[in-house]
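A quick write-up on the structure given underneath.
Values below: all heavy atoms of this structure, side chains included; hydrogens, waters and symmetry mates excluded. Fair warning: this is a prediction, and the values are worked out from it, not measured in the lab.
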Amino acid sequence: MIVKQRSIPLIIRQEEVLERRLPKSHPKRPTIIKSLKMRKAGFWGEQELDYPLSFLPQDQYRVFHDVRLIETNKAFQIDTLILTDHQAIILEVKNISGIIEFDSTFDQLIRKLKGREERLPNPLAQLGRQRRQLANWFSSNNFLMPIKCFVVMTHPSCVLKASEINPHQHTITHVENLQQKIINLKAENISENTLPSNINKIILNSNTPLGPIDVLKKYGIHYDDLNKGVECPRCFMSPMKWTRRRWRCSGCYFFSSDAHLRTISDYFLLGYKTINNATFRELIQHNDQAVSKYFLSKMNLQTSGHKRSLLYHSPHTL
């Protein structure tokens, strides 16, 4: 059964804000678009797991997507973690096109695509680190469990090749073979140790999602470079105008009573922790202090300070 669902990575949502809010002519825009394209491809690749995993017996397999745990003050992220009563399985997903070779001589991944050869980060090395960290995390929680690992290639045009016998070749698979690979593990010798009955709760409580980063600083973008205003939910034109207690788009004439909610979400996704009335008025391009105060008060955000120093805090989940 699916214990933890997959969600869109926060960094994708942050970069989507930059893509929408940056002027077309901004010099950093091509960099944002390129990064966003790669991140979305990775996320789409992870979604390709859903179909083969849906055939696993629901009462025998617990599936946790996008798990981030802390082991000795160091975080580690697992694309998908599968637990049975006697085994743990780590899945590392790669959505890579071209001819892919795992070179065991130099422990590297080589891709050949359109006449070009390049070295990419080796997911086997990443799996090794994740396996060690998960084993230590299990130990710190007082249980012991054998851990199996797979690199899952999800791109439909990916071709796996090996110039020699690779000792790790059994851990590399195309996504369409994943279900059988997992089922075959049941035939192997497995530990008599069993997971505690509350393992689902332990992992969910230990999951530590990464919060929003300062994405403007990451790309060297100034806040003043961004387009302000409430975007139209239909045509994405901005700014919408607040009139007669609703937002009106001058482009497609769409009306909305809550289009400003996405705008404040955009602001917090940029990495800001607080906002005041003045900044909010500039953000939504509406200078009525009473209206802005009404909007902010209806969002149920935590506050600190009072009167002119009143601050509204970013929600815990975005």
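Residues that satisfy the ring pair (Phe, Tyr, Trp, His ring centres under 6.0 Å) test with Phe64, not counting sequence neighbours, are absent from this structure. Taking Arg111 as the reference, Glu118 meet the side chain to side chain donor-acceptor pair (under 3.5 Å) condition, with sequence neighbours excluded. Under the side chain to side chain donor-acceptor pair (under 3.5 Å) criterion, Asp66 pairs with Gln77, not counting sequence neighbours. The side chain to side chain contact (heavy atoms under 4.5 Å, CB included) test applied to Pro57 returns Asp59, Gln60, Tyr61, not counting sequence neighbours. In this structure Gln302 satisfies the side chain to side chain donor-acceptor pair (under 3.5 Å) test with no other residue, sequence neighbours excluded. Applying the side chain to side chain contact (heavy atoms under 4.5 Å, CB included) rule to Arg245 yields the partners Trp242, Tyr294; only residues at least two apart in sequence or on another chain are considered. Remark: Ser304 pairs with Leu311, His313 by the side chain to side chain contact (heavy atoms under 4.5 Å, CB included) rule, at least two apart or across chains. Residues satisfying the ring pair (Phe, Tyr, Trp, His ring centres under 6.0 Å) test with Tyr51, not counting sequence neighbours, are Phe55. The side chain to side chain contact (heavy atoms under 4.5 Å, CB included) test applied to Thr80 returns Arg6, Leu49, Leu53, Val63, His65, Ile82, Leu91, not counting sequence neighbours. Listed by chain and number, the residues in a side chain to side chain donor-acceptor pair (under 3.5 Å) with Asp225 are His26 (sequence neighbours excluded).
The side-chain heavy atoms of Glu231 and Thr263, taken from C-beta on, include no pair separated by under 4.5 Å. Pro121 has its side chain out of reach of Gln126: every pair of non-hydrogen atoms, C-beta onward, lies at least 4.5 Å apart. The shortest side-chain heavy-atom distance between Phe102 and Pro123 falls under the 4.5 Å cut-off. The side-chain heavy atoms of Ile199 and Met145, taken from C-beta on, include no pair separated by under 4.5 Å. Counting only heavy atoms from C-beta outward, the side chains of Pro233 and Met240 approach each other to under 4.5 Å. Using a 4.5 Å heavy-atom cutoff, the side chains of Leu81 and Ile90 are in contact. Side-chain contact between Ile100 and Ile172 is absent, with no heavy atoms from C-beta onward closer than 4.5 Å. Looking only at side-chain heavy atoms (C-beta outward), Val17 and Val215 stay at 4.5 Å or farther from each other.
By the rule that hydrophobic residues join a cluster once side-chain heavy atoms approach within less than 4.5 Å of another member, Ile275 and Met299 end up as members of one cluster. The hydrophobic cluster containing Leu18 does not contain Phe236, counting ILVMFWY residues as joined when their side-chain heavy atoms lie under 4.5 angstrom apart, directly or transitively. Hydrophobic clustering (side-chain heavy atoms under 4.5 Å, transitive across Ile, Leu, Val, Met, Phe, Trp, Tyr) keeps Leu127 apart from Ile110. Criterion: ILVMFWY side-chain heavy atoms under 4.5 Å apart, direct or through other members. Under it, Met237 and Phe254 are not part of a common hydrophobic cluster. A continuous path of hydrophobic side-chain contacts links Tyr223 to Ile264 [ILVMFWY only; heavy atoms under 4.5 Å].
No hydrogens or angles considered: nothing links the side chains of Asn276 and Thr274 as a donor-acceptor pair under 3.5 Å. A donor-acceptor pair shorter than 3.5 Å cannot be found between the side chains of His86 and Thr84. Side-chain atoms of Tyr219 and Ser35 include a donor-acceptor pair closer than 3.5 Å.
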Could you walk me through whether Leu310 and Asn277 satisfy the side-chain contact (heavy atoms from CB on, under 4.5 Å) test, starting with their C-alpha distance in whole Å, then the side-chain angles of each, then the deciding distance to 0.1 Å, before giving a yes or no? CA-CA 8 Å; Leu310 182 63; Asn277 192 297; over 6 Å; no

Under the criterion side-chain contact (heavy atoms from CB on, under 4.5 Å), I'd like the reasoning laid out for Leu269 against Leu10: C-alpha separation, chi angles, the key distance, then a yes or no. CA-CA 8 Å; Leu269 279 170; Leu10 200 55; 3.6 Å; yes

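Distance alone, capped at 3.5 Å, places no donor-acceptor pair between the Gln130 side chain and the Ile78 backbone. In this structure, the side chain of Gln285 engages the main chain of Glu282 through a donor-acceptor pair within 3.5 Å. The closest donor-acceptor contact from the side chain of Gln180 to the backbone of Leu178 lies at 3.5 Å or more, if one exists at all. Not one N or O on the side chain of Lys148 forms a donor-acceptor pair closer than 3.5 Å with the backbone of Pro146. Within the 3.5 Å criterion, the main-chain N or O of Val291 finds a donor-acceptor partner in the side chain of Asp288. Remark: side-chain polar atoms of Lys181 are not paired, donor with acceptor, to backbone N or O of Thr171 under 3.5 angstrom. The main-chain N or O of Ser292 is never found under 3.5 Å from a side-chain atom of Arg281 such that the two would form a donor-acceptor pair. Here the side chain of Thr208 pairs a donor or acceptor atom with the backbone of Ser206 at under 3.5 angstrom.
Around atom CD1 of Ile8, no more than 12 heavy atoms belonging to other residues, nucleotides or ligands sit under 6.0 Å away. Atom CZ of Arg119 is surrounded by 12 or fewer heavy atoms from other residues, nucleotides or ligands within 6.0 Å. Sparse packing is recorded around CE of Met38, with 12 or fewer heavy atoms of other residues, nucleotides or ligands lying under 6.0 Å away.
When each of Arg39, Lys40, Lys37 is tested with Glu16 by the rule salt bridge (charged side-chain N to carboxylate O under 4.0 Å, His left out), just one qualifies, namely Lys40.
Listed here is the closest heavy atom pair of Pro52 and Glu48: CD-O, 3.3 Å. Summarising the geometry of Ile2 relative to Gln58, their closest heavy-atom pair is N-OE1, 4.3 Å, with the distance given to 0.1 Å. Taking every heavy atom of both residues into account, Leu134 and Ala88 meet most closely at CD2-CB, 4.5 Å. Between Phe43 and Ser7 the shortest heavy-atom distance is CE1-O, 3.4 Å. Taking all atoms of both residues into account, the shortest heavy-atom contact from Ala75 to Arg68 is CB-NH2, 3.4 Å. Taking all atoms of both residues into account, the shortest heavy-atom contact from Gly229 to Arg21 is O-NH1, 2.8 Å.
Of the inter-residue distances, the one linking Ile96 atom CD1 with Lys94 atom NZ reads 6.0 Å to the nearest 0.5 angstrom. Between the CG atom in Leu195 and the CG atom in Leu144 there is a gap of 10.0 Å [rounded to 0.5 Å]. In this structure, Glu46 CD and Asp79 CG are separated by 4.0 Å, a value rounded to the nearest 0.5 Å. We find the CG-CD distance between Leu216 and Gln14 to be 9.0 Å, quoted to the nearest 0.5 Å. Expressed to the nearest 0.5 Å, how far CD1 of Ile182 lies from CG of Asn177 amounts to 11.5 Å. Here Lys228 contributes atom NZ and Ile284 contributes atom CD1; the two are 13.5 Å apart, rounded to the nearest 0.5 Å.
Connectivity analysis of hydrophobic side chains (ILVMFWY, heavy atoms under 4.5 Å, direct or indirect) links Val159 to Ile99.
Pairs passing the ring-ring contact (aromatic ring centres under 6.0 Å, His included) check and including a residue from residues 116-141, sequence neighbours excluded, read Phe138-Phe143.
A cation-pi arrangement is found for Arg246 relative to Phe255, the charged atom lying closer than 6.0 Å to the ring centre and inside a 45° cone about the ring normal.
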